[in-house]
There are 2 protein chains.
Amino acid sequence: MAEKLIEKKYQQAKECPITIFMEQIGGKWKPVIIWLLILNEVMRFNELDKAINGISQKMLSQQLKDLERLKIVKRKSYPVIPPKVEYRLTEKGKSLKENLTSIMEWSNKNLK
Amino acid sequence: MAEKLIEKKYQQAKECPITIFMEQIGGKWKPVIIWLLILNEVMRFNELDKAINGISQKMLSQQLKDLERLKIVKRKSYPVIPPKVEYRLTEKGKSLKENLTSIMEWSNKNLK
DNA sequence: CGGAATCCGTTACGATACTG
DNA sequence: CAGTATCGTAACGGATTCCG
């Protein structure tokens with residue numbers, strides 16, 4: 001009886017949207033990639049690679065694929081040699097700007 | 001020369017505050033814990049354990065320690081038998097409410 | 001009740017090398 | 001240039017047991 005009440009009271013924790021957010025947009029690299037694309041509109045693979053301190057090509061391409069699947073990033077490839085691929089945000093991706101900005105401000109104020 | 005320009009242009013990516021945020025507040029469990037404490041003010045270890053679907057005691061105590069170290073959560077222990085320990089947010093912790101709320105809204109709108 | 005200790009599997013991440 | 005493929009390590013996370 002009491003257990004049932006507790007279950008009900010704290011039900012919010014299940015399928016928590018914040019958790020889903022963290023699982024999908026969080027992680028070590030995705031926010032940086034998104035942030036760079038907010039600042040620079042469009043970037044090539046190689047530019048992202050150079051811009052992100054310490055990332056490997058493997059990780060970068062993996063994270064970009066994830067973000068593409070999530071419809072946050074658009075990939076545009078030109079059939080030239082040498083290859084040229086551009087990445088930019090979708091509208092959905094751009095809509096993250098305010099969230100990331102306020103997180104950034106909080107972080108600057110509160111985290112070392 | 002050109003390299004130097006690129007380095008400069010994308011310097012934002014180093015020590016990115018959003019990355020720091022994700023590393024410290026992100027992850028699978030921390031946001032849920034914080035959110036529950038926002039909703040319920042004060043909770044005991046056991047209540048958190050029951051409220052968070054699928055968490056193990058090990059993870060819970062580990063995450064609570066992390067959050068305590070970050071000064072986001074306050075721990076209050078009563079010297080009684082059986083033991084009683086309460087967790088609540090610090091002011092710093094409470095200041096995350098707006099961030100988490102807007103993340104939650106975005107998540108509800110944009111993530112499955 | 002509120003943990004700590006242990007064991008163990010899975011995933012994330014990283015370094016390096018290679019390719020169309 | 002824009003990636004794959006391969007391999008090794010480290011961190012994460014879960015299950016179980018034990019204890020004051």
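Here the structure is a predicted model, which is why all the values come from computation and not from measurement. Both backbone and side-chain heavy atoms feed into the values below; hydrogens, waters and symmetry mates do not. Convention: sequence-line order gives letters A, B, ...; per-chain numbering from 1.
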Assign each of B/Lys84 and A/Trp29 the nucleotide of DNA chain C bearing its closest heavy atom; nearer the 5' end lies the nucleotide of B/Lys84
Check this one for me: any side-chain N or O of A/Ser61 less than 4.0 Å away from OP1 or OP2 of D/dT4?
yes
Report task. For B/Asn110 and B/Trp106, indicate whether the former's side chain and the latter's backbone hold a donor-acceptor pair under 3.5 Å. Result -> yes
In whole angstroms, the gap separating C1' of C/dC13 from CD1 of A/Ile52 amounts to 15 Å
Q: Examine C/dG3: is either OP1 or OP2 under 4.0 Å from a nitrogen or oxygen in the side chain of B/Tyr87? Give yes or no.
A: yes
Between NZ of B/Lys50 and P of C/dC1 the distance, given in whole Å, is 7 Å
Tell me yes or no: between the side chains of B/Glu86 and B/Tyr78, is some donor less than 3.5 Å from an acceptor? yes
- Phosphate-side-chain proximity, B/Arg44 and C/dG2, N/O vs OP1/OP2 below 4.0 Å: yes
Closest to the side chain of B/Lys58, out of D/dT4, C/dG2, C/dA5, is C/dA5
So, with a heavy-atom separation below 4.0 Å from DNA chain C, the residues of residues 63-82 of chain B are B/Lys65, B/Arg75, B/Pro82
Assert: residue with more 5' nearest nucleotide on DNA chain C, out of B/Val85 and A/Met59, is B/Val85
Looking only at atom types and distance, does a side-chain atom of A/Ser107 sit under 3.5 Å from a main-chain N or O of B/Ile18, one as donor and one as acceptor? no
